[in-house]
S.K.: 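Submitted below is the structure of interest, expressed as structure tokens.
In listed order, ligands and their atoms are each counted from 1.
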Amino acid sequence: MATVIGWQPLRRTTVLPMFSVYAEQPHQDDPFAGLQLGERPLPEVPVDWSRVQVQAASLNRHDLWTLRGVGIKPDQFPMILGCDGAGITDDGRKVVLYPIIGTPGHSGDETTDPGRTLLTEKFQGTFAEYVAVPTRNLVPLPESMSFPEAAVLGTTYLTAYRMLVTRSGLPAGSTILVQGSSGGVSTALIQLGRALGMRVWATSRSEQGRTRGLDLGAHQVFENGARLPERVDGVFESVGRSTWAHSMRAVRPGGVVVCCGATSGPDPSADLQRLFFLQISVIGSTMGTLEEFRRLISFCAATGLRPVVDRTFQLDQAREALELLENGTPGKLVLTAQ
Ligand SMILES: NC(=O)c1ccc[n+]([C@@H]2O[C@H](COP(=O)([O-])OP(=O)(O)OC[C@H]3O[C@@H](n4cnc5c(N)ncnc54)[C@H](OP(=O)(O)O)[C@@H]3O)[C@@H](O)[C@H]2O)c1
């Protein structure tokens with residue numbers, strides 16, 4: 001289980017290199033060929049930005065996409081990995097990072113800002129001793145949470161929260177199906193769905209994954225593609241091609257399929273006849289707003305929900321952790337300060 005990492009005072013105040021885990025160049029077929037562990041410059045801190053000494057940073061599939069060059073322009077390399085994190089500001093505040101960097105001056109929903117980016121797309125990420133982020137992206141670390149727990153909130157839990165609360169429109173008491181039980185987003189969907197008062201069903205390809213789904217709070221678990229006892233009010237998708245047909249069969253007439261990703265492939269059949277005849281709503285969802293991030297943190301504090309961290313690694317063990325993620329190890333992996 002996660003442990004709280006104590007605050008170390010700043011070791012460096014001048015512009016010196018810092019230890020970082022970064023992609024030197026993208027390699028589409030061999031993502032680890034461009035992975036480097038070594039020194040990169042300390043981040044510059046523009047006006048209205050803050051520097052944070054990273055205490056914990058979680059791994060996301062997005063880091064593997066970055067190593068492959070997906071979602072990042074070639075001229076952005078070398079790029080320090082890590083979209084999420086929690087740490088300590090130069091003036092000693094414990095914070096968790098809201099992961100979307102918006103266009104300066106943009107107001108309203110950050111997820112519809114056309115110029116938005118995540119750390120690692122345009123700005124250097126959190127797999128380093130320090131990271132710089134806009135000051136508005138700093139949210140106080142909740143007292144009930146350790147740095148590693150808070151470090152997983154940004155991408156996976158925020159995405160799951162928006163899918164469940166904002167995008168699905170489903171009330172407590174609804175029956176939902178979560179596709180997958182081992183991954184970051186599905187873990188968060190199962191935990192949050194249960195805490196929101198939903199009847200949660202989940203699938204997994206493996207016995208280990210199904211056991212994990214039950215441990216996380218799913219009421220019932222199924223093999224991929226299994227016939228369900230009844231159709232559900234909503235299906236929550238991050239898997240894509242390999243589960244999409246099942247999702248369309250699993251949802252009740254008038255129900256909703258909320259999708260945030262397509263790990264197994266981006267071109268699922270839309271099953272249009274079923275879509276219009278059963279009046280199924282298919283809704284895309286991406287990350288969440290700063291306001292949703294704050295509400296997610298309040299929700300965790302109010303319900304006692306603590307994000308699940310399956311394994312922690314020191315920053316210099318990042319290659320091992322990324323290889324586990326690539327090989328489909330279940331659960332959420334977090335890097336901690338040395
Ligand atoms: N739009 C957004 O804002 C946003 C945010 C976060 C993530 N995402 C995307 O969402 C996806 C999931 O992210 P993640 O971090 O949760 O990834 P992950 O930790 O690698 O999880 C992958 C999940 O997919 C399932 N899975 C993988 N391959 C499968 C296959 N061939 N057949 C069936 N199930 C399969 C796994 O379930 P079992 O092993 O239990 O079957 C697991 O739950 C990624 O594509 C990511 O890019 C999008």
S.K.: With sequence neighbours excluded, give me every side chain to side chain donor-acceptor pair (under 3.5 Å) pair touching residues 293-309.
M.R.: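 Output for this query lists E149-R306.
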
S.K.: Is the closest side-chain heavy-atom distance between L67 and E326 below 4.5 Å?
M.R.: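 When only atoms from C-beta onward are counted, E326 and L67 do not touch, as no gap falls below 4.5 Å.
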
S.K.: Just so I know, are the side chains of M287 and E110 near enough to count as touching, which here means a heavy-atom distance under 4.5 Å?
M.R.: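 Side-chain contact under 4.5 Å: no.
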
S.K.: State which residue, out of N137, I101, T155, fulfils the side chain to side chain contact (heavy atoms under 4.5 Å, CB included) condition with L119.
M.R.: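 That would be I101; it is the only one of N137, I101, T155 passing the side chain to side chain contact (heavy atoms under 4.5 Å, CB included) with L119.
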
S.K.: Pick out the protein N or O atoms lying less than 3.5 Å from any N or O of ligand 1, and list each pair with its distance.
M.R.:
residue  : atom   : partner : partner atom : Å
ligand 1 : 1 (N)  : C260    : O            : 2.8
ligand 1 : 1 (N)  : T286    : OG1          : 3.1
ligand 1 : 3 (O)  : T286    : OG1          : 3.1
ligand 1 : 3 (O)  : M287    : N            : 2.7
ligand 1 : 16 (O) : G184    : N            : 3.0
ligand 1 : 16 (O) : V185    : N            : 2.8
ligand 1 : 19 (O) : G184    : N            : 2.9
ligand 1 : 20 (O) : R61     : NE           : 2.6
ligand 1 : 20 (O) : R61     : NH2          : 3.0
ligand 1 : 28 (N) : R205    : NH1          : 3.3
ligand 1 : 31 (N) : S242    : OG           : 3.3
ligand 1 : 32 (N) : S242    : OG           : 3.0
ligand 1 : 39 (O) : S182    : OG           : 3.1
ligand 1 : 39 (O) : R205    : NE           : 3.4
ligand 1 : 39 (O) : R205    : NH2          : 2.7
ligand 1 : 40 (O) : S181    : N            : 3.0
ligand 1 : 40 (O) : S182    : N            : 3.1
ligand 1 : 40 (O) : S182    : OG           : 2.6
ligand 1 : 40 (O) : S204    : OG           : 2.6
ligand 1 : 41 (O) : R205    : N            : 3.0
ligand 1 : 41 (O) : R205    : NE           : 3.0
ligand 1 : 43 (O) : G183    : N            : 2.9
ligand 1 : 43 (O) : S186    : OG           : 2.9
ligand 1 : 45 (O) : T263    : OG1          : 3.0
ligand 1 : 47 (O) : W65     : NE1          : 3.0

S.K.: So that I can tick it off, tell me whether D109 and R162 are bridged by a salt bridge, with the cut-off set at under 4.0 angstrom between side-chain N and carboxylate O.
M.R.: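 So R162 pairs with D109 through a salt bridge.
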
S.K.: Counting N and O atoms only, with roles assigned by atom type, does the side chain of R40 sit under 3.5 Å from a partner on the main chain of S20, one being a donor and the other an acceptor?
M.R.: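 Checked: no pair found.
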
